**Q** 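Here it is, the structure in full.
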Amino acid sequence: MNYWLFKSEPESYSIDDLANEKKQTACWDGIRNYQARNMLRDDIKVADKLFFYHSNAKPTGIVGVCKVVKNAYPDHTAFDPNSKYFDPKSSKENIRWVMVDVQLVEKFNGIISLQQLKVTIGLEDMMVCRRGARLSIQPVTAEQWKIVMNISKKL
DNA sequence: GCCAACGTTGGC
DNA sequence: GCCAACGTTGGC
């Protein structure tokens with residue numbers, strides 16, 4: 001099992017939106033970056049866990065935990081001309097973008113801000129703490145996962 | 001709203 | 001295949 005961090009702008013989709021979904025489950029659509037796509041397709045599997053991260057927010061940070069409940073499958077928004085994620089170069093014969101389904105496991109009692117992550121011993125190398133880590137899906141090590149979960153229990 | 005850091009595109 | 005121009009992300 002592997003650990004990840006998924007970013008979402010809460011204005012477009014927040015952890016509360018996920019909490020309000022049927023079965024608290026949703027498809028994570030709209031990933032349009034090849035590196036992130038490759039991780040979704042090749043590495044992110046059912047039962048993997050991920051941090052739900054609010055980007056472009058006040059404050060920005062980790063707000064909860066989800067698990068993967070469905071392996072990668074075609075992202076249908078790429079075929080929909082009315083979607084902002086529409087990709088004319090993608091087709092059902094030539095699948096370019098995929099997504100997984102995630103289910104909410106736990107919403108933290110607060111947020112672990114990026115500021116806090118950055119000053120936490122042991123998280124120096126966490127991708128989200130580093131400058132220019134713009135990837136919307138990032139791997140998290142087991143050790144980093146443990147440290148963040150410990151912080152979350154004190155919120 | 002600014003801007004640094006990337007990623008993508010397309011002409012050559 | 002190079003690289004300049006352009007677009008996007010996302011913290012601040």
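FYI, side chains are in, hydrogens and waters are out, and symmetry mates aren't considered; it's all heavy atoms of this structure. Naming convention: chains lettered A, B, ... in sequence-line order (proteins, then strands); numbering from 1 in each chain. In this text the structure is predicted, and so the values were computed from the model without any measurement.
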**Q** I'd like to check the side chain to side chain contact (heavy atoms under 4.5 Å, CB included) partners of A:Tyr73; sequence neighbours left out, ordered by chain and number.
**A**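 Result, side chain to side chain contact (heavy atoms under 4.5 Å, CB included) vs A:Tyr73: A:Cys27, A:Lys70, A:Met99, A:Asp101.
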
**Q** With side-chain hydrogen bond (donor to acceptor under 3.5 Å, both in side chains) as the rule and sequence neighbours excluded, what pairs involving residues 107-126 of chain A come up?
**A**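 For residues 107-126 of chain A, and leaving out neighbouring residues, the side-chain hydrogen bond (donor to acceptor under 3.5 Å, both in side chains) pairs sorted by first residue read A:Asp16-A:Lys107.
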
**Q** Rounding to a whole Å, what distance do you find between A:Ile62:CD1 and C:dG11:C1'?
**A**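 Rounding to the nearest Å, CD1 of A:Ile62 and C1' of C:dG11 are 15 Å apart.
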
**Q** What integer distance in Å separates A:Lys89:NZ from B:dG7:P?
**A**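 After rounding, the gap between these two atoms is 18 Å.
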
**Q** Which whole-number value in Å describes the distance from A:Tyr53 OH to C:dG10 C1'?
**A**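 Answer to the nearest Å: 8 Å.
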
**Q** What's the OH-C1' distance between A:Tyr85 and C:dT9, to the nearest Å?
**A**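 It is 12 Å, rounded to the nearest whole Å.
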
**Q** In whole Å, I'd like the distance from the CG atom of A:Leu117 to the C1' atom of C:dG11.
**A**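 Rounded to whole Å, this separation is 13 Å.
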
**Q** Just to confirm, is there a sub-4.0 Å distance from OP1 or OP2 of C:dT9 to any side-chain nitrogen or oxygen of A:Lys7?
**A**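 Looking at the OP1 and OP2 atoms of C:dT9, neither is under 4.0 Å from any side-chain N or O of A:Lys7.
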
**Q** In whole Å, what is the span from the CD atom of A:Gln35 to the C1' atom of B:dT8?
**A**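 To the nearest whole Å, that distance equals 13 Å.
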
**Q** Closer to the 5' end of DNA chain B via nearest nucleotide, is it A:Asn56 or A:Arg32?
**A**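 Mapping each residue to its closest nucleotide by heavy atoms, the 5'-most match is A:Asn56.
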
**Q** Would you mind reading off the distance between A:Leu114 atom CG and C:dC12 atom C1', rounded to a whole angstrom?
**A**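 Roughly 10 Å, once rounded to whole Å.
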
**Q** Nearest-Å distance, NZ (A:Lys118) to P (C:dG11)?
**A**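 Taking NZ of A:Lys118 and P of C:dG11, I get 8 Å after rounding.
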
**Q** Could you list, one pair per line, each protein nitrogen or oxygen that sits under 3.5 Å from a nitrogen or oxygen of nucleotides 2-4 of chain B, together with the distance?
**A**
none

**Q** Is a side-chain N or O of A:Asn2 found less than 3.5 angstrom from the main chain of A:Asp48, in a donor-acceptor match?
**A**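 Not at all, since once roles are kept as given, no pair shorter than 3.5 Å links the two residues.
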
**Q** If you link ILVMFWY side chains whenever their heavy atoms are less than 4.5 Å apart, which other residues fall into the same cluster as A:Tyr34? By chain and number, please.
**A**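 So far as hydrophobic clustering goes, A:Tyr34 is joined with A:Trp97.
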
**Q** Can you sort out the partners of A:Lys89 under side chain to side chain contact (heavy atoms under 4.5 Å, CB included), two or more places apart, ordered by chain and number?
**A**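 A:Lys89 satisfies side chain to side chain contact (heavy atoms under 4.5 Å, CB included) with A:Asp87, A:Arg96 once adjacent residues are dropped.
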
**Q** Run through the side-chain heavy atoms of Ile, Leu, Val, Met, Phe, Trp and Tyr, join any pair under 4.5 Å, and report what else lands in A:Val128's cluster.
**A**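 ILVMFWY cluster around A:Val128 also holds A:Met1, A:Tyr3, A:Leu5, A:Phe51, A:Tyr53, A:Ile62, A:Val65, A:Val105, A:Phe108, A:Ile112, A:Leu114, A:Leu117, A:Leu123, A:Met126, A:Val140, A:Trp145, A:Ile147, A:Val148, A:Met149, A:Ile151, A:Leu155.
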
